[in-house]
Engineer: 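Below: one structure in structure tokens.
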Amino acid sequence: MTARYYFHGDEVGDRTGQYYCAYCDSFVDEKHFSEVSHSGTDKERYDRSVKGWTVLKKNSQGGLHRPNDAHNLFSSIPKPKKPKTGPFSRWLMKQQDRDDPIGDLSKDVQRDKGFPLESSSLEILRNRLIGQFACNEAIQALEEAYEEFKSNNTVRSGLSLALRFDVFRRDDYRCQICGTTASEGARLEVDHKIPVAKGGSDEMSNIWTLCFNCNRGKGTKNL
Ligand SMILES: [Zn+2]
Ligand SMILES: [Zn+2]
């Protein structure tokens with residue numbers, strides 16, 4: 001007489017609609033698996049059953065059996081797919097050794113399991129950071145990283161990234177006209193108070209932080 005061996009999720013042959021739960025070591029309804037929270041996932045437990053069975057079958061010398069076509073709830077669940085990584089995220093991941101806010105952002109993003117790696121939409125990526133209560137610096141770093149990725153150029157508006165972040169930090173990541181911050185959704189830029197064309201310098205004192213709208217004269221001071 002051989003004993004039937006059950007995998008986690010195996011249907012019990014003579015009991016319609018009954019399945020074996022290896023976590024509870026009992027026969028249960030199908031809904032049990034969605035209602036009771038076990039210490040691991042059903043697929044993990046099933047996979048362990050499969051591994052254990054190979055060993056057990058050998059050791060039991062025919063004392064255990066399990067039909068090859070046994071119906072199981074979890075045998076055909078595919079492994080969760082890794083999200084595809086878009087070109088911008090791939091680029092950003094490679095910036096982790098940089099000693100600047102983009103390097104810090106790269107490390108943050110790799111720790112954020114829910115970061116939408118597949119997306120190349122600046123709006124979506126920004127909203128993720130804002131939703132995670134990222135600091136202004138990280139949000140602005142995303143903006144700068146995106147620009148750098150697109151233009152393949154670390155120098156934007158003729159000013160180095162380090163100088164731009166010195167200006168942003170001094171101005172507290174706030175538009176100096178309307179007052180909105182990066183975490184409130186402002187796309188910040190640095191601007192020469194006296195344009196270079198009119199003899200303005202690249203000194204910190206001649207550069208300030210403006211949002212995209214104010215920089216193009218579309219902002220309103222009295223919002
Ligand atoms: Zn159970
Ligand atoms: Zn503004």
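Indexing begins at 1, ligand by ligand and atom by atom, following the structure's order.
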Engineer: Under 3.5 Å, which donor-acceptor pairs link side chains of residues 115-127 to any protein atom two or more places apart or in another chain?
Structural biologist:
{"unit_1": "Ser119", "atom_1": "OG", "unit_2": "Ser121", "atom_2": "N", "d": "3.0"}
{"unit_1": "Ser121", "atom_1": "OG", "unit_2": "Glu123", "atom_2": "N", "d": "3.3"}
{"unit_1": "Ser121", "atom_1": "OG", "unit_2": "Ile124", "atom_2": "N", "d": "3.1"}
{"unit_1": "Arg126", "atom_1": "NH1", "unit_2": "Glu143", "atom_2": "OE1", "d": "2.3"}
{"unit_1": "Arg126", "atom_1": "NH2", "unit_2": "Ala182", "atom_2": "O", "d": "3.3"}
{"unit_1": "Arg126", "atom_1": "NH2", "unit_2": "Gly185", "atom_2": "O", "d": "3.4"}
{"unit_1": "Arg126", "atom_1": "NH2", "unit_2": "Ala186", "atom_2": "O", "d": "3.0"}
{"unit_1": "Asn127", "atom_1": "ND2", "unit_2": "Glu123", "atom_2": "O", "d": "3.2"}

Engineer: Which angle, to 10 degrees, forms at the Zn ion (ligand 2) with SG of Cys175 on one side and SG of Cys214 on the other?
Structural biologist: 110°
Engineer: Indicate whether any N or O donor in one side chain lies under 3.5 Å from an N or O acceptor in the other, for Trp208 and Asp191.
Structural biologist: yes
Engineer: With sequence neighbours excluded, give me every salt bridge (charged side-chain N to carboxylate O under 4.0 Å, His left out) pair touching residues 49-61.
Structural biologist: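 Counting only pairs at least two positions apart or across chains, no salt bridge (charged side-chain N to carboxylate O under 4.0 Å, His left out) contact touches residues 49-61.
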Engineer: Would you say the ring centers of Phe27 and Tyr19 fall short of 6.0 Å from each other?
Structural biologist: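 Ring centres of Tyr19 and Phe27 not closer than 6.0 Å.
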Engineer: Provide the protein N, O or S atoms situated under 2.8 Å from the Zn ion (ligand 1); waters are not included.
Structural biologist: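 Only Cys21 SG, Cys24 SG, His32 NE2, His38 NE2 fall inside 2.8 Å of the Zn ion (ligand 1).
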Engineer: For Asp29, what residues pass the salt bridge (Lys or Arg N to Asp or Glu O under 4.0 Å) criterion, not counting sequence neighbours?
Structural biologist: Lys31
Engineer: Using distance alone, with no hydrogens and no angle criterion, decide if Gln110 and Ser106 have a side-chain donor and acceptor under 3.5 Å apart.
Structural biologist: yes
